[in-house]
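Note sheet for the following structure.
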Amino acid sequence: MKDVNITLNESGQFLEVRQGEALEIKPPLNIEIYGVLDSPVKWLEKRLEKIDLNEAHIVVARDKKIISLVFNETNTYEHSMVRGQLSIHPVFEKFGINSGKYRTPLEMSELFKMNRSYFENTQTAMELVSLLKVFKAKVNKEVEQNIDLNKGDKKLIYNQVVDSNLPPTFNVELPIFKGGKKYILELETYFNPDDLTCTLVSPQANDIIEQITDEAIDSVLEQIIKITDRLPIIEI
């Protein structure tokens with residue numbers, strides 16, 4: 001017997017013998033696609049007849065804003081997935097709203113200056129830029145004038161100065177999700193009294209994200225069920 005090729009798998013469970021000019025063994029043809037939230041719907045619309053529905057299911061992770069179509073469940077060589085995700089818009093991420101990311105007043109002023117087109121009122125943006133540029137110096141000066149640091153409440157004075165120096169709220173107009181519309185959002189500026197860094201907070205934006213996430217996921221699931229009701233839908 002000429003040109004014999006012998007292959008054992010890692011566990012030694014099967015033996016493959018090939019004669020002659022055997023072709024090279026190819027790796028598994030797994031499919032992994034990562035797209036926007038309705039990507040599983042688009043796949044099913046065009047490829048439904050090629051999927052064994054007894055070997056497929058849908059996984060929903062609402063906290064991660066993900067819907068995954070998994071098929072060829074038990075086929076090692078073609079175990080595949082199409083994942084759709086509702087993604088936060090880069091501009092929304094840039095502002096760091098509700099992220100807990102703190103910046104120095106100067107860094108925040110530069111952020112506002114370079115993104116003033118997203119403010120509902122450009123004049124408000126530039127006023128904030130000016131206030132933030134001198135913020136640290138003003139706070140330190142007023143604290144020194146109003147308190148003996150060895151006897152008084154330094155944090156209380158910091159908070160009083162912060163409240164009097166900046167407007168309590170201001171509005172921006174931002175997209176929250178990729179491919180989504182813009183929203184007018186009311187923002188607040190929170191300061192850390194220990195190092196005078198600041199972050200942006202918007203309860204309104206948080207409410208919109210929660211609402212839109214559930215509505216968008218439910219809409220995609222409804223579209224999947226219209227295409228086929230034979231796919232198990234598993235929420236995790």
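Here the structure is a predicted model, which is why all the values come from computation and not from measurement.
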### Message
Under the criterion side chain to side chain contact (heavy atoms under 4.5 Å, CB included), I'd like the reasoning laid out for Ile236 against Val60: C-alpha separation, chi angles, the key distance, then a yes or no.
### Response
CA-CA 6 Å; Ile236 61 173; Val60 181; over 6 Å; no

### Derivation and outcome, side chain to side chain contact (heavy atoms under 4.5 Å, CB included), residues Thr74 and Glu55
CA-CA 7 Å; Thr74 60; Glu55 292 281 332; 2.8 Å; yes

#### Entry: Stepwise side chain to side chain contact (heavy atoms under 4.5 Å, CB included) test for Ile225 and Ile227
CA-CA 5 Å; Ile225 292 172; Ile227 296 172; over 6 Å; no

### Task
Starting from the C-alpha separation in whole Å, work towards a yes-or-no answer on side chain to side chain contact (heavy atoms under 4.5 Å, CB included) for Glu120 and Thr124.
CA-CA 8 Å; Glu120 188 179 33; Thr124 299; over 6 Å; no

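With values rounded to the nearest 0.5 angstrom, Asn98 atom CG is found 9.0 Å from Leu200 atom CG. A distance of 9.5 Å separates CD1 of Ile234 from CD1 of Ile58, quoted to the nearest 0.5 Å. In this structure, CZ in Phe71 is found 11.5 Å from CG in Asp52, a value given to the nearest 0.5 Å. Taken from OG1 in Thr228 to CG in Leu231, the straight-line distance is 5.0 Å, to the nearest 0.5 Å. The distance from atom OH of Tyr118 to atom CZ of Phe95, rounded to the nearest 0.5 Å, is 7.5 Å.
Considering only heavy atoms from C-beta on, Tyr34 stays 4.5 Å or farther from Val82 through its side chain. Side-chain contact check for Leu187 versus Val201: every heavy-atom pair is 4.5 Å or farther apart. When side chains are defined from C-beta on, Lys178 counts as touching Pro90, because their heavy atoms get closer than 4.5 Å.
Residues Pro175 and Phe92 come closest through the heavy atom pair O-CB, 3.5 Å. The minimum heavy-atom distance linking Ser80 with Ile31 is given by the pair OG-N, 3.0 Å. Here the shortest heavy-atom pairing between Pro105 and Leu196 reads CD-O, 3.2 Å. The two atoms that bring Pro232 and Ala56 nearest to each other are CD-O, 3.4 Å, heavy atoms only.
Residues satisfying the side chain to side chain contact (heavy atoms under 4.5 Å, CB included) criterion with Gln204, sequence neighbours excluded, are Leu185, Glu186, Ser202, Ile208. In this view, Ser130 satisfies the side chain to side chain contact (heavy atoms under 4.5 Å, CB included) rule with no residue, not counting sequence neighbours.
Residue pairs meeting the side chain to side chain donor-acceptor pair (under 3.5 Å) criterion with at least one member in residues 57-71, sequence neighbours excluded, are His57-Glu73, Arg62-Asp214, Arg62-Asp218, Arg62-Glu235, Ser68-Arg83. Each salt bridge (Lys or Arg N to Asp or Glu O under 4.0 Å) pair with one or both residues in residues 100-109, not counting sequence neighbours, would appear here, but there are none.
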Sequence neighbours excluded and cut-off under 3.5 Å, please list the side-chain donor-acceptor pairs for residues 108-117, or say none.
from: Ser109; atom 1: OG; to: Leu106; atom 2: O; distance (Å): 2.6
from: Asn115; atom 1: OD1; to: Lys94; atom 2: NZ; distance (Å): 3.2
from: Asn115; atom 1: ND2; to: Leu111; atom 2: O; distance (Å): 2.9

Show every donor-acceptor pair shorter than 3.5 Å between a side-chain atom in residues 36-47 and any protein atom, with sequence neighbours excluded, or say none if there are none.
from: Ser39; atom 1: OG; to: Val36; atom 2: N; distance (Å): 3.1
from: Ser39; atom 1: OG; to: Val36; atom 2: O; distance (Å): 2.8

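No chain of hydrophobic side-chain contacts below 4.5 Å, direct or via other Ile, Leu, Val, Met, Phe, Trp or Tyr residues, connects Ile33 to Met81.
Note: Phe170 and Phe119 have parallel aromatic rings, judged against thresholds of 30 and 60 degrees for the angle between ring planes.
Summarising the local packing, OH of Tyr190 is surrounded by 12 or fewer heavy atoms from other residues, nucleotides or ligands at distances under 6.0 Å.
In this structure, the side chain of Thr213 engages the main chain of Ile209 through a donor-acceptor pair within 3.5 Å.
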